[in-house]
> 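Dumping the structure here so I can ask a few things about it.
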Amino acid sequence: MARIEPVTPPYSEALRERFARLLPLHVKPPAIHRAVARNEGLFNHLVDSGLLGPTGLLDRRVLPKALRELLILRTCVAAGNDYEWQLHVGTISARMGLSAAQIEDTRSEAPSAALWREAELVAMKLADALVHRLAVDDALFTLLREHHDEPTLIEMTQLVGLYTGVAMLVALTRPDPDVMSVNDSEKSEASR
């Protein structure tokens, strides 16, 4: 059971407007969005600032979609955030370009080199290092620089940090799992 009960309809006009920016009207906002909306001013700011958008946090369309989604899923695994992992897998992971085998492999302690390019494997090592140790040693940094430029590494690190923050919100609020059907996901995609 949720520790912080998500807001329920009827929503304020301000929340209705923000939810409409994130999702089609027929799709119920995820429980974590509705829990954060208990602090309506913060939630509205997240949406108004563009930090929270239809595909999640910090989607500036700079990182390739599949890499961005991989980093989110791996961060969820590293942070023990099964709620957000399930939410992404149930709604957008496949649409972002990850195969079913890749999605499942994000949970592996040692991801399969057969499923990923070296750039993706080192990106997962970055997420693990940041979440588990808050440290990036010189050897990992050298590997990262072989595959990613500095602006990309900064964006990747910020994305991992933001989704680590989501894990903290999930730990606090304990939202009930969202039940999204394939139809909801398809309708959501069709409306974009």
Side-chain angles (χ1 to χ4, degrees), residues 2-98 106 123 127 130-131 151-152 154-180 184-192:
R3 194 182 274 164
I4 294 180
E5 201 59 37
V7 295
T8 57
Y11 303 125
S12 71
E13 181 60 35
L15 281 179
R16 275 195 310 278
E17 195 273 328
R18 273 35 170 235
F19 288 148
R21 285 194 220 167
L22 301 177
L23 301 158
L25 291 176
H26 62 276
V27 176
K28 183 177 182 179
I32 191 64
H33 288 182
R34 291 179 293 114
V36 173
R38 284 284 174 198
N39 182 330
E40 190 170 328
L42 175 63
F43 183 80
N44 292 345
H45 175 73
L46 291 171
V47 177
D48 292 346
S49 70
L51 185 62
L52 179 57
T55 59
L57 293 170
L58 194 69
D59 188 1
R60 298 177 340 106
R61 309 257 190 302
V62 174
L63 292 178
K65 293 185 301 186
L67 176 61
R68 182 177 185 285
E69 189 65 13
L70 168 61
L71 282 167
I72 292 167
L73 294 182
R74 189 62 181 196
T75 300
C76 290
V77 170
N81 185 0
D82 193 59
Y83 169 87
E84 189 73 13
W85 190 91
Q86 293 289 343
L87 182 61
H88 272 255
V89 170
T91 57
I92 65 171
S93 294
R95 286 187 295 130
M96 295 298 112
L98 299 182
T106 63
L130 291 170
V131 174
T152 300
I154 291 167
E155 185 141 349
M156 290 166 57
T157 299
Q158 191 62 44
L159 183 66
V160 170
L162 289 169
Y163 276 88
T164 300
V166 170
M168 292 175 187
L169 284 170
V170 168
L172 174 72
T173 63
R174 289 189 186 162
D176 292 330
D178 293 295
V179 179
M180 293 281 295
D184 287 342
S185 208
E186 289 170 355
K187 289 175 189 171
S188 179
E189 178 63 19
S191 71
R192 298 202 195 293

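Below, each value reflects all heavy atoms present in this structure, side chains not excepted, and no hydrogens, waters or symmetry copies. Index from 1, following the sequence.
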> Quick one: pull up OG1 in T55 and CE in M96 and give me the separation to the nearest 0.5 Å.
6.0 Å
> For R16, does the CZ atom sit with more than 12 other heavy atoms under 6.0 Å from it, leaving out its own atoms?
yes
> On a heavy-atom basis, which atom in V131 and which in T164 lie closest, and how many Å separate them?
CG2-OG1, 3.5 Å
> Go through the structure and list residues passing salt bridge (Lys or Arg N to Asp or Glu O under 4.0 Å) with R68, not counting sequence neighbours.
D59
> Mind checking side chain to side chain donor-acceptor pair (under 3.5 Å) for R34 and listing every partner two or more places apart, or none if nothing turns up?
none
> Just by modelled atom types, is the A127 backbone N or O under 3.5 Å from a matching donor or acceptor in the R74 side chain?
no
> Without swapping roles, check the side chain of Y83 against the backbone of A31 for a donor-acceptor pair under 3.5 Å.
yes
> Who passes salt bridge (Lys or Arg N to Asp or Glu O under 4.0 Å) against E17, sequence neighbours left out?
R21
> Measure the spacing between CD of Q86 and OG1 of T91 and express it to the nearest 0.5 Å.
10.5 Å
> Quick one: does C76's side chain get under 4.5 Å of D82's, heavy atoms only?
no
> Could you tell me whether D48 and R18 have a side-chain N and a carboxylate O separated by less than 4.0 Å?
yes
> Output the distance between atom OG1 (T75) and atom CG (L130), rounded to the nearest 0.5 Å.
8.0 Å
> Locate the shortest heavy-atom distance separating L67 from A123; write the atom from each residue and the value.
CD1-CB, 3.8 Å
> Determine the interplanar angle of the Y163 and H88 rings, folded into 0 to 90°, and report it as parallel if under 30°, tilted if 30 to 60°, perpendicular if over 60°.
perpendicular
> In Å, rounded to the nearest 0.5 Å, how long is the span from CD1 of I92 to CG of L98?
9.5 Å
